[in-house]
**Q** 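One structure, as structure tokens, below. Some questions next.
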Amino acid sequence: MSTGLSLPLIDLSSPDRAAVAESIRQACIEYGFFYVINHGIGKGIFQKVFEESKKFFSLPLEGKMKLKRNDAHRGYTPLYAETLDTSTEFKGDLKESIYIGGNSQDDLNQWPSEESLPLWKDTMQSYHQDVLSIAKRLASLIALSLNLDDNFFERIGAWDAPVATVRLLHYPGELSDSDNGKYGASAHSDYGIITLLATDGVPGLQICREKDIYPQLWENVHHVDGAFIVNVGDLLERWTNCLFRSTLHRVLAIGKDRYSVAFFLDPNPDCLVECLESCCSDSHPPRFPPVRSGDYLKERLRVTYS
């Protein structure tokens, strides 16, 4: 069962930070998803990133496999390499992707050759830097929405070498008979703090707000030109004691090529994630034990790729 919905629009250009923070709070409580507009990234930048993404996924499989995902989760993952819904009878989601981390002296990224894609590396590094800045601005507003200081995440060291990753995704349009019943991305929640998603306008993304109620109601998330689709991740849900929803979502395989670009903002691996004092009480005690961000993310990735 599926239907459509209208997610809240969050305007980052608004000078009223308190009002924006309150809007984010309501969106995270009710949906766990919202749109962000007027974020500062122009249409031309999105267009360039999607063009370079399509060029990469158009390369022969042999060339892409030379950049196969390493132990640091940087690089290429082919079709069927990942199963996001580990309870499903189907193994292997119908997508291919490539992970790109931030700039560092010890660069673990795997880049296509400049000979084949001369603009690729600079385009992706620039995009990573731009979206990281936006994600940190959003995190500051999220802190305000939880009645915390806007520098809360900086103060606890979350942004001391955070795990911030761009993931380019391609959902192929040509499907085989054996793919019947499979999803482009099977039902899952994201792992970290927030995800910022740019899409190409091709439909397929759905969310399920009540993940423990059956039958599940799936709602279509529509494309808004120039907007990021932002969603809450599991670590933020743990921090807020389930006040904010880490909403179940999936991508349908609709028989049409679909491209998207996800940006995952996760804390420093040593950052301790424990229930915020403002999100628990005697009648509503913490639901989760404290956990190191890196330990949590490592285990989720292990299960996903096992």
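Here the structure is a predicted model, which means the values were calculated and not measured.
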**Q** Who passes side-chain hydrogen bond (donor to acceptor under 3.5 Å, both in side chains) against Ser116, sequence neighbours left out?
**A**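 Result, side-chain hydrogen bond (donor to acceptor under 3.5 Å, both in side chains) vs Ser116: Ser113.
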**Q** Within the distance-only criterion (no hydrogens, no angle test), does the side chain of Ser189 pair as donor or acceptor with the backbone N or O of Leu248 below 3.5 angstrom?
**A**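 Such a contact is absent between Ser189 side chain and Leu248 backbone.
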**Q** Using the side chain to side chain contact (heavy atoms under 4.5 Å, CB included) criterion, which residues pair with Pro290? Sequence neighbours excluded.
**A**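 With sequence neighbours excluded, Pro290 shows a side chain to side chain contact (heavy atoms under 4.5 Å, CB included) to Leu272, Glu274, given in chain and number order.
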**Q** Please identify each residue that fulfils side-chain hydrogen bond (donor to acceptor under 3.5 Å, both in side chains) with Glu51, with sequence neighbours left out.
**A**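 side-chain hydrogen bond (donor to acceptor under 3.5 Å, both in side chains) list for Glu51, sorted by chain: Gln47.
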**Q** Shared ILVMFWY cluster between Leu79 and Tyr183, side chains joined below 4.5 angstrom?
**A**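 No, separate clusters.
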**Q** Would you please name every residue forming a ring-ring contact (aromatic ring centres under 6.0 Å, His included) with Phe228, sequence neighbours left out?
**A**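 ring-ring contact (aromatic ring centres under 6.0 Å, His included) list for Phe228, sorted by chain: His39, Phe46.
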**Q** Could you label the plane-to-plane angle of the Tyr259 and His170 rings as parallel, tilted or perpendicular, counting under 30° as parallel and over 60° as perpendicular?
**A**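 Parallel, since the angle between the ring planes stays under 30°.
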**Q** Looking at Asn109 and Gly101, would you say the former's side chain and the latter's main chain have a donor-acceptor pair under 3.5 Å?
**A**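 Between the backbone of Gly101 and the side chain of Asn109 there is a qualifying donor-acceptor contact (under 3.5 Å).
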**Q** Is the shortest distance from a Lys or Arg side-chain nitrogen in Glu114 or Lys121 to a carboxylate oxygen in the other one below 4.0 Å?
**A**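 Lys121 and Glu114: not salt-bridged.
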**Q** Taking distance alone, no hydrogens or angles, what donor-acceptor pairs closer than 3.5 Å link side-chain atoms of residues 149-158 to residues at least two apart or in another chain?
**A**
residue : atom : partner : partner atom : Å
Asp150  : OD2  : Arg17   : NH2          : 3.3

**Q** Quick one: pull up OG in Ser246 and CD1 in Ile193 and give me the separation to the nearest 0.5 Å.
**A**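 Rounded to the nearest 0.5 Å, the OG-CD1 separation comes out at 12.0 Å.
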**Q** State which residues pass side chain to side chain contact (heavy atoms under 4.5 Å, CB included) with Asp85; sequence neighbours excluded, sorted by chain then number.
**A**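 Asp85 satisfies side chain to side chain contact (heavy atoms under 4.5 Å, CB included) with Ser87, Thr88, Ser186, Ala187 only.
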**Q** Enter the distance from Leu168:CG to Glu52:CD here, rounded to the nearest 0.5 Å.
**A**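 Rounded to the nearest 0.5 Å, the CG-CD separation comes to 10.0 Å.
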**Q** What residues form a side-chain hydrogen bond (donor to acceptor under 3.5 Å, both in side chains) with Ser293, not counting sequence neighbours?
**A**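 Checked Ser293 against side-chain hydrogen bond (donor to acceptor under 3.5 Å, both in side chains); zero matches.
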**Q** Applying ring-ring contact (aromatic ring centres under 6.0 Å, His included) as the test, list every pair that has at least one member in residues 184-204; sequence neighbours left out.
**A**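 As it turns out, the ring-ring contact (aromatic ring centres under 6.0 Å, His included) pairs with a partner in residues 184-204, which skip direct neighbours, are His188-His249.
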**Q** Does anything in residues 280-303 form a ring-ring contact (aromatic ring centres under 6.0 Å, His included)? List the pairs, not counting sequence neighbours.
**A**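 Residue pairs with at least one partner in residues 280-303: there are none.
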**Q** Could you verify whether a donor N or O on one side chain and an acceptor N or O on the other, from Gln26 and Glu22, lie under 3.5 Å apart?
**A**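 Side chains of Gln26 and Glu22: pair found under 3.5 Å.
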**Q** Roughly how far, to the nearest 0.5 Å, is the CG atom of Asp160 from the CG atom of Asn268?
**A**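 Asn268 atom CG to Asp160 atom CG measures 6.0 Å (nearest 0.5 Å).
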**Q** Name the atoms and distances for all side-chain donor-acceptor pairs under 3.5 Å in residues 63-71, with sequence neighbours left out.
**A**
residue : atom : partner : partner atom : Å
Lys64   : NZ   : Phe57   : O            : 3.0
Lys64   : NZ   : Glu96   : OE1          : 2.9
Arg69   : NH1  : His73   : ND1          : 3.0
Asn70   : OD1  : Ala72   : N            : 3.0
Asn70   : OD1  : His73   : N            : 3.2
Asn70   : OD1  : Arg74   : N            : 3.0
Asn70   : ND2  : Leu108  : O            : 3.1

**Q** Provide the full list of salt bridge (charged side-chain N to carboxylate O under 4.0 Å, His left out) pairs with a residue in residues 278-295, sequence neighbours left out, each pair given once.
**A**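 Listed once each, the pairs would be none.
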**Q** Quick check on Tyr76: does its OH atom have over 12 non-hydrogen neighbours (other residues, nucleotides or ligands) under 6.0 Å away?
**A**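 More than 12 within 6.0 Å, yes.
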**Q** Under a 3.5 Å threshold, yes or no: a donor from one side chain and an acceptor from the other, between Asp190 and Thr195?
**A**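 Present: a donor and an acceptor within the cut-off.
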**Q** Between Arg245 and Glu210, is the closest basic N to carboxylate O distance under 4.0 Å?
**A**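 Here Glu210 pairs with Arg245 in a salt bridge, since their nearest N and O are under 4.0 Å apart.
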**Q** Which residues satisfy the side-chain hydrogen bond (donor to acceptor under 3.5 Å, both in side chains) test with Glu30, sequence neighbours excluded?
**A**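 Expected list: none.
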**Q** How long is the straight-line distance from CH2 of Trp218 back to CD1 of Ile207, given to the nearest 0.5 Å?
**A**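 With rounding to 0.5 Å, CD1 (Ile207) is 9.0 Å from CH2 (Trp218).
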